[in-house]
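Heads up: the structure comes next, in structure tokens.
Naming convention: chains lettered A, B, ... in sequence-line order (proteins, then strands); numbering from 1 in each chain. Note that the structure is a prediction, hence the values are computed from the model and not measured. Because only heavy atoms are used, hydrogens play no part in the values below, and waters and symmetry mates are left out as well, while side chains stay in.
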Amino acid sequence: PLNSNKKEEQSIFTKKRVLFTSTRGIGSKYRHLMTDLISLIPHSKKEDKVDDRKTLSLINETCEMKSCNYAILFDVRRGTDCFLWMAKTPLGPTVKFHVTNVHTLDELQMTGNCLKGSRPFLHFDKTFDSQPHLQLIKELFTQIYSTPKGHLKSKPFFDHVFSFFYQDGRIWFRNYQISDQEFKKESLLTEIGPRMILNVDKIFSEGFGGNVLYSNPNFVSPGNNRSDQKLAKANKYIKRKY
Amino acid sequence: PKPLVNNKYVINDREGLNNKLRELKLSNGKIPWVHTLAVTSQQSLDLEDVHDDFKREIAFYKQTLHSVTECEKLCADHGLTVRRKPDFFAEMIKSDAQMLKIKSNLQSEKKRVETAE
């Protein structure tokens, strides 16, 4: 009985799946980002596009049907503004990010490579421990991005690392290859990609719904940002005049 | 460019967040390291200007490298192999064709620099 108990304990960490889905009109750039992440996360499952943005909570049910306990939604609006929703379904939390500065795996300046399915090391910078909302995000990231030990598609070697940094009020994501140098006995990192910056918009208490637990005071929606820029430009003459 | 207006309604329910975190953590946060492979850096990134690409990437690189050595030590402690065996072949994230493209791009770049000199 002791043995089976231990097995059950272990299955909490190993039995997990992440559902990937997107809204319609995602566009090539963000579609590439999505396929990159899917190829880097072996415990993922891609699902059909979501038709109706008003009923996102239906994703909880889709997750249950596909036996997934996490979900990532790429919600692209106006063809340019990409929002990334990451959730533990159905109990939550859900974090909604605005994604900027995306570089995908296809870009030639990303020279690294790694095995398909090798389990990544995860690196977080110190700031993630400083505030409740960042601690929550760190825990969610750890659960979503860490590949289960002994997963069928995983490899028993370690050749890449996902890094998360909190700088300038935003989360910076990097993925490096770890290659060892035989002579120096020291590892060397080469960037594999993708790259992105995640700006927290809101944190909800449940899977794609519930109360707002956190809303970022410094977040400006991309639409507002654009109109602000335009306004600032438009008023240039008036400001100079008076 | 700096945004001009900030959000009108600010919510930071610290208690709610902490409760959610407690709820979210698997087995009270006592997950063996082998399941997460996660480390948190103890040093802070002292960046004067995040928009200085070169300095920022160096700082990111250094901190990650530090964590990688730590992870490798932890792997050794838990009896996990780090390095791939030389006779182990498997599918990579990027295809051979893509890697060839990257290589030729690097070479042409190098050539360009050389001719410029």
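Ranking A:Pro148, A:Gly117, A:Ser205, A:Gly150 against chain B, the residue ahead of the rest is A:Ser205, based on heavy-atom pairs under 4.5 Å. Of the residues considered (A:Gly112, A:Pro156, A:Ser118, A:Pro132), A:Pro132 shows the highest number of contacts with chain B, using heavy-atom pairs under 4.5 Å. Annotation: maximal heavy-atom pairing with chain B below 4.5 Å, among A:His133, A:Arg119, A:Lys88, A:Met110, occurs at A:Arg119. When A:Leu189, A:Asp168, A:Leu136 are compared by the number of non-hydrogen pairs under 4.5 Å with chain B, A:Leu189 comes out ahead. The candidate from A:Phe141, A:Tyr214, A:Tyr166, A:Phe128 with the greatest count of non-hydrogen atom pairs under 4.5 Å with chain B is A:Tyr214. In terms of heavy-atom pairs under 4.5 angstrom with chain B, the leader among A:Asp125, A:Thr127, A:Asp129, A:Leu213 is A:Leu213.
Contact annotation for A:Asp36: neither backbone nor side-chain heavy atoms come within less than 4.5 Å of a heavy atom of chain B. In this structure, the portions of A:Asn113 lying under 4.5 Å from any heavy atom of chain B include both its backbone and its side chain. Heavy atoms of B:His66 lying under 4.5 Å from chain A are absent altogether. Proximity to chain A is limited to the side chain of B:Leu106, based on heavy atoms less than 4.5 angstrom apart. For B:Gln43, the part lying under 4.5 angstrom from a heavy atom of chain A is the backbone only. Neither the backbone nor the side chain of A:Asp159 comes within contact range of chain B; no heavy atom of the residue lies under 4.5 Å from a heavy atom of that chain. For A:Thr147, the part sitting under 4.5 Å from any heavy atom of chain B is the backbone (N, CA, C, O) and nothing else. Using a 4.5 Å cut-off between heavy atoms, B:Gln42 contacts chain A through its backbone alone, with no side-chain atom that close. With a threshold of 4.5 angstrom between heavy atoms, A:Thr142 approaches chain B through side-chain atoms but not through N, CA, C or O. A:Arg195 touches chain B through its side chain: at least one heavy atom from C-beta onward sits under 4.5 Å away, while N, CA, C and O do not. A:Pro93 touches chain B through backbone and side chain together, each having a heavy atom under 4.5 Å away. Within the 4.5 angstrom heavy-atom criterion, only side-chain atoms of A:Ser163, from C-beta onward, approach chain B. For chain B, the nearby part of A:Ile203 is the side chain; its heavy atoms alone come within less than 4.5 Å. Looking at B:Asn12, both its backbone and its side chain come within 4.5 Å of chain A, counting heavy atoms on both sides.
Across all their heavy atoms, B:Ala90 and A:Lys155 have their closest contact at CB-CE, 3.5 Å. Between B:Leu47 and A:Gln167, the shortest heavy-atom distance links the atoms CD1-OE1, 3.7 Å. Considering every non-hydrogen atom in both A:Glu139 and B:Leu26, the closest pair reads OE2-N, 4.4 Å.
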Open item on the list: What verdict does the side-chain contact (heavy atoms from CB on, under 4.5 Å) test give for A:Gln109 and B:Asn105, after you've listed the backbone C-alpha separation in whole Å, the side-chain angles of each residue and the deciding distance to 0.1 Å?
Closed with: CA-CA 9 Å; A:Gln109 62 266 40; B:Asn105 182 53; 6.0 Å; no
Task: Residues B:Lys94, A:Ile192; criterion side-chain contact (heavy atoms from CB on, under 4.5 Å); working and verdict - done: CA-CA 9 Å; B:Lys94 291 180 188 170; A:Ile192 303 169; 4.0 Å; yes
TODO: Give the intermediate values and the outcome of side-chain contact (heavy atoms from CB on, under 4.5 Å) for residues A:Ile178 and B:Glu72.
DONE: CA-CA 11 Å; A:Ile178 309 163; B:Glu72 287 179 347; 3.8 Å; yes
- [ ] Check the pair B:Glu57 / A:Arg174 against side-chain contact (heavy atoms from CB on, under 4.5 Å), numbers first and verdict last.
- [x] CA-CA 10 Å; B:Glu57 292 307 318; A:Arg174 296 284 182 272; 2.7 Å; yes
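Two residues are said to be in side-chain contact when any heavy atoms from C-beta on lie closer than 4.5 Å; B:Ile93 and A:Leu40 meet this criterion. A:Leu108 is listed as a side-chain neighbour of B:Lys101, based on a closest heavy-atom distance under 4.5 Å. Within the 4.5 Å cutoff, side-chain heavy atoms of B:Val68 are placed close to those of A:Val161. Contact of the B:Val50 side chain with the A:Trp172 side chain is registered, since non-hydrogen atoms from C-beta on lie closer than 4.5 Å. Counting heavy atoms from C-beta on, the side chains of A:Lys149 and B:Leu80 come closer than 4.5 Å. A 4.5 Å side-chain heavy-atom check between B:Tyr61 and A:Leu188 finds at least one atom pair inside the cut-off. Two residues are said to be in side-chain contact when any heavy atoms from C-beta on lie closer than 4.5 Å; B:Ile11 and A:Ser215 meet this criterion. Looking only at side-chain heavy atoms (C-beta outward), A:Phe165 and B:Ser41 stay at 4.5 Å or farther from each other.
Remark: B:Thr36 OG1 to A:Gln143 CD distance equals 10.0 Å, nearest 0.5 Å. Here the OG1-CZ distance, from B:Thr64 to A:Phe162, works out to 12.5 Å after rounding to the nearest 0.5 Å.
The aromatic rings of A:Phe157 and B:Phe88 stand perpendicular to each other, their planes meeting at an angle above 60°, with 30° marking the opposite boundary.
With hydrogens and angles left out, the side-chain atoms of A:Lys138 and B:Thr40 include a donor and acceptor closer than 3.5 Å.
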